[in-house]
Colleague: 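Submitted below is the structure of interest, expressed as structure tokens.
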2 protein chains.
Amino acid sequence: MDPTGLDGTNMARVRLIDVAELAGVSMKTVSNVVHNYPHVAPALREKVQAAIDQLGYRPNLTARRLATGKTGMIALAIPEIDHPYFSELSRHIAEEATRRGYRVIIEQTLSDPVVERAVLSDREAGLVDGVIFHPVRMGSLDIAKLDAATPLVLLGEAAMPVMTDHVMIDNVSAALDATRHLLARGCRRIAFLGVIAADITGSTNQRLLGYQQGLLEAGVELNPELVFTASEFTAEAGLRSVAKALERGVRFDGVVCRDDRFAIGALKTLHDSGRSVPGDVAVVGWDNTFLAAYTSPTLTSVAPRKTAIARAAFDLLEERIAGYRGVGRHMIVGHSLEVRESAPLAP
Amino acid sequence: MDPTGLDGTNMARVRLIDVAELAGVSMKTVSNVVHNYPHVAPALREKVQAAIDQLGYRPNLTARRLATGKTGMIALAIPEIDHPYFSELSRHIAEEATRRGYRVIIEQTLSDPVVERAVLSDREAGLVDGVIFHPVRMGSLDIAKLDAATPLVLLGEAAMPVMTDHVMIDNVSAALDATRHLLARGCRRIAFLGVIAADITGSTNQRLLGYQQGLLEAGVELNPELVFTASEFTAEAGLRSVAKALERGVRFDGVVCRDDRFAIGALKTLHDSGRSVPGDVAVVGWDNTFLAAYTSPTLTSVAPRKTAIARAAFDLLEERIAGYRGVGRHMIVGHSLEVRESAPLAP
DNA sequence: AAAGACGTTTCTAGCGCTGTACATTGACGG
DNA sequence: CCGTCAATGTACAGCGCTAGAAACGTCTTT
């Protein structure tokens, strides 16, 4: 390796000490200038700054981290980066992170329990100051067992260990809102899409609960045949699920979907089968991803306040980073129903 | 700070030396075990491993980085995380990264030149081993000027400095394919959506070029009125652009869209105005994001091979990381036309 | 039995930065 | 004229890990 960089292969990095020598001061003084420490004589500060500029010095963040013990990074662990809900959430998290001076490492778990476990183990590796994690397969117990020192905030409803901070929306009440909305339109045979056999996340159950509550309070009888099941969380599966129901001759005039992707699948089947939305069937989605605004018809959707989720998650995380060690806080973030064409306001 | 962790506030991290002491060996031996160095006596290895397990030791990655000079991280800088194309690309990059043992820091530039510049400066901060960057506002010159030591690979067509590696698809030929496809269906009045006034990226121009070539070779006259302009890169803007053309009475039987979002906007306007797709107008999108499969009708779309882009970018980046300092390589990645309902094969 | 040869383990100097402890200076009051 | 204090600077010991050099057996070889 040629530290002179003459051969262009290994331009030696400029270090603090190089700047110090050029400026004729100590490392600490340079460091003080870099950090805008107030008690540096103006003349010296100028001289040091000149040396920094001349050499093009940039502090080595890794070294800084080792010295300070802070990494300035947080990990965001989500099932899939390119799921619209998660990519939109990621964006809000990324923006909040920038605002608060953190960088974000994205970890894609693909809902793989092994990966989920690995993500949590990383907490201990000194890589990040904290982790925001949306678990799918790990339960409360699994998470509680890995009681690492690194702050952790959970998203979603899959697991809610007592000791861990948590941010979520009130799924029951949101599903209730969606169901009431359809009821107010006059729908009486309202379906729920969909239950998934292998679903370990609590979300679906809570949403189903809200849906049932809604029917109950309107005096509409629960009809098991109207609870559709799907094989997996994809638009395709939602499409098939609705198609099968239609084949079976199940009749319904409204659908609450646990997911925009299901809703998109539903819209497509309904459209392909010649039904009109919302004329024949009103459809409500969930997550209010940007897709909802561009389907035909546009999609009424339950809208979790993603910005608020990001902010709340960071609030909790930063308190943990600052040293809070108390019991887990469970934070409920607001939601609304974004009303569009697939289920407009009551006529 | 209480290193005993008795107060529960600052559980001391287990360090290499702690393990070494417990096992009664040197740090290096523990390190050898951790790294699976072959020449460690089985008995010792076992003893050390036991100590590691007992203490729950996990190496401090920051320290390792400082010692080795490798961070094992790469930065991915993209305009928007939640743009479907970029979120899908991110996923492929993330998976390729995992495969090759890297972690990914996501930087969202929001197409802000200041942020773009900052991202490139980070290259020098020793934070990452390399950067994969999809520039929008920075030109070749700007990028070339910041000749940092950290490896860089560019994506997209906005800037192509001679010295920098580059991965892209052949936009001209892809647009040509799309146009030919419509021509083969019998379309003769084919529109292009859309040109953006403030567009600094070369992509649109290249796509426009391919579109024009296609018309030319089919002997169809170019009609400036069929080149639609949009105010920004959103579905909404695409929608308005097509709506305005319809209002003006512009007639067309096909549209090549430079972007799936534009295509979605187009589909929506056409649908709302009572036109049938592909009956009255055939539509081709671009990027083949997952949206394309779930619109009604489904969307025929130019499909860059995102997996190949991710792989190529990493190939180039790893060569740079390994020490390659030659001129920039410009890698063309394949594409295809994913044919769906909005523009089916010729009847 | 001495000398190599080799496999195994220890020693230790960094990696670049931070922060504490300490030294120096000059201003100011008594 | 000395002591005190605040304002500035310097020196240097870590942060936890890596990796090359050196040391230490142990086993052959002569």
Colleague: Given C:dC17, D:dT8, D:dA11, identify the nucleotide with an atom nearest to the side chain of A:A41.
Modeller: D:dT8

Colleague: Between D:dT18, C:dT9, C:dT18, which nucleotide gets closest to the side-chain atoms of A:R64?
Modeller: C:dT18

Colleague: Measure from the side chain of A:H35, starting at C-beta and using heavy atoms only, and say which of C:dG16, C:dT18, C:dT9 lies closest.
Modeller: C:dT18

Colleague: Whole Å only: how far is the CG atom of A:L127 from the P atom of D:dG16?
Modeller: 15 Å

Colleague: Between CG of A:L61 and CZ of B:R65, what distance do you get to the nearest 0.5 Å?
Modeller: 11.5 Å

Colleague: Among the nucleotides C:dC17, D:dA19, D:dC17, which one has an atom lying closest to any side-chain atom of B:K28?
Modeller: D:dA19

Colleague: If you look at every strand shown and take non-hydrogen atoms under 4.0 Å, does B:S31 touch a base, only sugar-phosphate, or nothing?
Modeller: sugar-phosphate

Colleague: Can you identify which nucleotide, out of D:dT10, D:dG14, C:dT10, has its nearest atom closest to the A:A67 side chain?
Modeller: D:dG14

Colleague: Contact class for B:Y57 vs. all strands (heavy atom < 4.0 Å): base, sugar-phosphate, or nothing?
Modeller: sugar-phosphate

Colleague: According to the interplanar angle, ranging from 0 to 90°, do the rings of A:Y85 and A:H134 count as parallel (below 30°), tilted (30 to 60°) or perpendicular (above 60°)?
Modeller: perpendicular

Colleague: Using atom CG of A:L44 as one end and atom C1' of C:dT25 as the other, report the distance to the nearest whole Å.
Modeller: 13 Å

Colleague: About how many Å separate CZ of A:R329 and CE of A:M163, when rounded to the nearest 0.5 Å?
Modeller: 10.0 Å

Colleague: Choose from C:dG16, D:dG9, C:dT9 the nucleotide whose nearest atom is closest to any side-chain atom of A:V40.
Modeller: D:dG9

Colleague: Is the phosphate of D:dG9 approached by A:H39 (side-chain N or O, under 4.0 Å from OP1 or OP2)?
Modeller: no

Colleague: Using whole Å, what does the distance between atom P of nucleotide C:dT8 and atom NZ of B:K47 come to?
Modeller: 16 Å

Colleague: Starting at CD1 of B:I74, measure out to CD1 of B:I132 and round the result to the nearest 0.5 Å.
Modeller: 4.0 Å

Colleague: Is the CD1 atom of B:I332 crowded by more than 12 outside heavy atoms at less than 6.0 Å?
Modeller: yes

Colleague: If you assign each of B:V25 and A:R15 to its closest nucleotide in DNA chain C, which residue comes earlier from the 5' end?
Modeller: B:V25

Colleague: Round to a whole Å and report the spacing from CZ of B:R45 to C1' of C:dT8.
Modeller: 12 Å

Colleague: If I take atom NE2 from residue A:H92 and atom OG from residue A:S87, how far apart are they, to the nearest 0.5 angstrom?
Modeller: 9.5 Å

Colleague: In this structure, how many angstroms lie between the C1' atom of D:dT10 and the CD atom of A:E21, rounded?
Modeller: 14 Å

Colleague: From D:dT18, C:dG16, C:dT10, pick the nucleotide closest to the side chain of B:M27?
Modeller: D:dT18

Colleague: Just how far, in rounded Å, is C1' of D:dG16 from CG of B:L61?
Modeller: 11 Å

Colleague: Without decimals, in angstroms, what is the distance between B:L66 CG and D:dG16 P?
Modeller: 12 Å

Colleague: Remember a base hit wins even if backbone is also touched, and classify B:T68 as base, sugar-phosphate or nothing at under 4.0 Å, heavy atoms.
Modeller: sugar-phosphate

Colleague: OP1, OP2 of C:dT10 versus side-chain N and O of B:T29: anything below 4.0 Å?
Modeller: yes

Colleague: Separation of A:L16 atom CG from D:dG14 atom P, in whole Å?
Modeller: 19 Å

